[in-house]
Amino acid sequence: MPQRITIADAARHVGESVEIPGWLYNLRKSGKIVFPILRDGTGIMQCVALKSALPEDVFEELKHLTQESSLIVRGTIRAEPRAHGGYEMDIESVEILQKVSESDPYPITPKDHGVDFLMDHRHLWLRSQRQHSIIRVRHEIIKAVRDYFDDHGFTLVDTPIFTPAACEGTTTLFEVNYFDNDKAYLTQSGQLYNEADAMAFGKVYCFGPTFRAEKSKTRRHLTEFWMVEPEMAYADLEEIKRVAEEMVIYVVGRVLEKRREDLKILERDVAKLEGVQAPFPRLSYDEAVKNLQQHGSEIQWGGDFGGGDETILTQQFDRPIMVDRFPSAIKAFYMAPDPDRPEVALGVDVLAPEGYGEIIGGGQRIHDLDLLLRRIEEHQLPREAFEWYIDLRKYGTVPHGGFGMGIERCVAWICGLEHVRETIAFPRILYRLRP
RNA sequence: UCCUCAGUAGCUCAACGGUAGAGCAUUCGGCUGUUAACCGAAGGGUUGUAGGUUCGAAUCCUACCUGAGGAGCCA
């Protein structure tokens, strides 16, 4: 039996007789020679079958093979400059596991398709080259994020998905009716639990899915998305900004190092990613508002940025920017106020360049017991639900904070995608639950 | 939730008041180096649904359904 290899490994088996299990990606034929294009999940490789070199029935079978039929090809690997990827297999024999029916052919052809059709066939769309590249970049981003935190003294302490109380507004929560005496919700953030974990371990992070029942129908929103959230005890806003900047630079660098081929398939302008270096421009909210007004925005001090505002702001820079000290009034109850200017909060947003918008939001949390109690009251939150959270301010409270980074927005930015729906295998967006 | 746009062959689109068409996919034929291969032929349609205007509607009008883009909200 020949050795079984993958297409990604083909270069190391030149001249050897091997077998590759896979699927038929495409087939080109020209009389007495056919070129089956094989994919196996690790890559795509052209094979060559000559009528004169094969038994009649094998050649005929191959000639009529349909797209996405499953097969094992056996033959010899050869370096071939005419083939994409530089290697080719001279087919000696094939084993067809299943021939896709001609009467019900594979729906995704090598030609163009519309968004609706592709989304309805997402389970098959994942087989195409472009989707492979995106998912591989996503994998690298997640691995780089984990490596960054693992190598900088953070402990992974994951937080629950079912939560009894809201982290932010209650209008955007998914309610779950299961627990007898309590309403439960799907988490929108692990942050509150992260704070407890940080008081136990110092530096922690969580990484998992989060859920937002927002009626958002834009290219930047998913109802279910993945978020990484670090939280640090004894950290102030400047430290939080430093870590966010360092992590983003590390992640972008890793993708450039390991997944350059995929960025090429995605036709990403890597020069734009190579420019992602320290220091990121830092603006205060005050400066950002002034800047936006000068560029024709209607924004007034006290208001939140609109989608257009983020674009105006980020277009002026060649790398992500950090905007801090937003008005406390538009931020969550737990945000620490600036001691010198209580009307602004010690929060920071990181905005990606090229119009990709907010990828990180974070800041310093309130660590003073009395102030936290006051804020819970002002926001009319049920104190009972927050008793455990309040405890963190009773037993050895310290300045602390962290941030959350949305993985899908980060993938969309690094890959240069128009829409976040391609950044996850099975996206959940408004009005779309299937497949 | 609101605003805008779009639904025609399996897919991508054309026809914009007067006989519904092309490319790809599928089938058959041709081609020994193709690169979304190419060349020839065939099959494939209640034009999203319901109603209306008209001698005549894919085309104009109304409602609904589905999708896309955007707004608000957010990562």
Side-chain angles (χ1 to χ4, degrees), chain A residues 25-37 44-54 59 63-64 66-68 78 80-85 88 90 100-121 124-125 128-130 167-169 171-172 188-191 209-229 244 303-311 330-332 349-352 356-362 403-413 418-421 423 429-432:
Chain A
Y25 192 70
N26 198 2
L27 183 81
R28 289 186 280 266
K29 50 189 168 181
S30 176
K32 298 184 178 64
I33 182 168
V34 301
F35 301 94
I37 318 297
I44 289 178
M45 189 168 76
Q46 173 163 288
C47 304
V48 188
L50 286 170
K51 189 180 167 82
S52 55
L54 289 168
F59 185 80
K63 199 169 131 185
H64 292 102
T66 40
Q67 201 190 348
E68 286 301 318
R78 174 168 45 75
E80 172 55 73
R82 285 174 292 186
H84 286 306
E88 214 171 61
D90 289 319
V100 172
S101 164
E102 291 91 347
S103 60
D104 186 13
Y106 186 68
I108 302 178
T109 67
K111 291 275 181 181
D112 289 333
H113 298 284
V115 168
D116 187 32
F117 177 80
L118 288 170
M119 288 299 284
D120 284 342
H121 294 84
L124 304 176
W125 188 20
S128 64
Q129 240 184 328
R130 184 185 154 79
C167 214
E168 286 156 31
T171 52
T172 60
Q188 348 175 258
S189 163
Q191 191 210 304
T210 52
F211 308 85
R212 306 269 168 103
E214 293 157 3
K215 298 288 183 203
S216 299
K217 189 171 157 28
T218 81
R219 63 183 73 202
R220 298 187 307 279
H221 287 86
L222 294 170
T223 54
E224 176 184 318
F225 67 97
W226 287 67
M227 188 154 68
V228 60
E229 295 176 273
D304 218 338
F305 298 154
D309 292 332
E310 286 185 356
T311 308
I330 56 171
K331 287 292 172 183
D349 282 357
V350 179
L351 307 180
Y356 282 95
E358 187 181 349
I359 52 168
I360 286 177
F403 61 86
M405 181 173 80
I407 294 296
E408 286 77 14
R409 281 193 188 173
C410 190
V411 175
W413 163 49
E418 271 179 29
H419 200 295
V420 289
R421 66 180 157 231
T423 63
I429 57 182
L430 192 61
Y431 308 131
R432 194 181 279 278

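Quick note: numbers below take in every heavy atom, side chains included, and nothing from hydrogens, waters or symmetry partners. Labels below follow one simple rule: chain letters A, B, ... track the order of the sequence lines, proteins then strands, and each chain is numbered from 1.
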Completion exercise
For R409(A) and R220(A), the nearest pair of non-hydrogen atoms, with its separation, is NE-O, 3.1 Å
Practice task
Pick the C1' atom in C73(B) and in C16(B), then give their distance to the nearest Å.
Solution key: 40 Å
Problem - Sugar-phosphate only, base, or nothing, as touched by E418(A) at under 4.0 Å among non-hydrogen atoms - result: nothing
Practice task
Examine G69(B): is either OP1 or OP2 under 4.0 Å from a nitrogen or oxygen in the side chain of R421(A)? Give yes or no.
Solution key: yes
Practice task
Using a heavy-atom cut-off of under 4.0 Å over every strand shown, decide if L50(A) touches base, sugar-phosphate, or nothing.
Solution key: base
Exercise for the section: Would you kindly give the CZ-to-P distance between F59(A) and C31(B), to the nearest whole Å? Expected result: 11 Å
Exercise for the section: Tell me what D304(A) touches on the nucleic acid: a base, only sugar-phosphate, or nothing, going by heavy atoms under 4.0 Å. Expected result: sugar-phosphate
Practice task
Look at all strands and tell whether H84(A) reaches a base, only sugar-phosphate, or nothing, counting heavy atoms closer than 4.0 Å.
Solution key: base
Fill in the blank from the handout: Separation of C11(B) atom P from H121(A) atom NE2, nearest Å, is 8 Å
Practice task
On RNA chain B, check which nucleotide each of I360(A) and D116(A) is closest to and give me the residue with the more 5' one.
Solution key: D116(A)
Handout entry: Same-atom distance (P) from G33(B) to C38(B), integer angstrom
Key = 16 Å
Exercise for the section: Take the protein atom CG of D120(A) and the nucleotide atom C1' of A68(B), then report the distance between them rounded to whole Å. Expected result: 13 Å
Problem - Complementary nucleotide for U1(B) - Watson-Crick or wobble, under 3.5 Å - result: A71(B)
Exercise for the section: Indicate, with a heavy-atom threshold strictly under 4.0 Å, whether S52(A) touches base, sugar-phosphate, or nothing. Expected result: base
Handout entry: Spacing of the P atoms in G52(B) and A15(B) (rounded, Å)
Key = 28 Å
Problem - Nearest-nucleotide comparison on RNA chain B, the residue closer to the 5′ end among E80(A) and G308(A) - result: E80(A)
Practice task
Under 4.0 Å between any heavy atoms, over every strand shown, what does F225(A) touch: base, sugar-phosphate, or nothing? Just pick one.
Solution key: base
Handout entry: Span that lies between the P atom of A68(B) and that of U26(B), in whole angstrom
Key = 28 Å
Practice task
Starting from P on C73(B), measure out to CG on L222(A) and report it in whole angstrom.
Solution key: 19 Å
Practice task
Ignoring backbone atoms, establish whether K111(A) has a side-chain N or O less than 4.0 Å from OP1 or OP2 of G23(B).
Solution key: no
Handout entry: Nearest atoms (heavy-atom pairs only) where A49(A) meets L54(A)
Key = CB-CD1, 3.7 Å
Exercise for the section: Report which part of the nucleic acid T109(A) touches: base, sugar-phosphate, or nothing (heavy-atom distance under 4.0 Å, all strands). Expected result: sugar-phosphate
Problem - Rounded distance (Å) that lies between atom C1' of U12(B) and atom CZ of F117(A) - result: 10 Å
Exercise for the section: Please measure how far the C1' atom in U12(B) lies from the corresponding atom in G70(B), and state the result in whole Å. Expected result: 25 Å
Exercise for the section: Select base, sugar-phosphate, or nothing to describe what R432(A) touches, counting heavy atoms under 4.0 Å on all strands. Expected result: sugar-phosphate
Problem - C1' atoms of U54(B) and C3(B), separation to the nearest Å - result: 33 Å
Exercise for the section: Select base, sugar-phosphate, or nothing to describe what K29(A) touches, counting heavy atoms under 4.0 Å on all strands. Expected result: base
Practice task
Determine the Euclidean distance between corresponding C1' atoms of U8(B) and G44(B); express it in Å to zero decimal places.
Solution key: 14 Å
Exercise for the section: Return the value, rounded to whole Å, for the distance between atom CD1 of I429(A) and atom P of G69(B). Expected result: 7 Å
Exercise for the section: Using a 4.0 Å heavy-atom cut-off across all strands, classify R78(A) as base, sugar-phosphate, or nothing. Expected result: base
Exercise for the section: Could you tell me whether N26(A) contacts a base, only the sugar-phosphate backbone, or nothing, with contacts defined as non-hydrogen atoms closer than 4.0 Å? Expected result: sugar-phosphate
Problem - Side-chain N or O of H419(A) closer than 4.0 Å to phosphate OP1/OP2 of G69(B) - result: yes
Practice task
Answer with base, sugar-phosphate or nothing: what part of the nucleic acid does Q46(A) contact at a heavy-atom distance below 4.0 Å?
Solution key: base
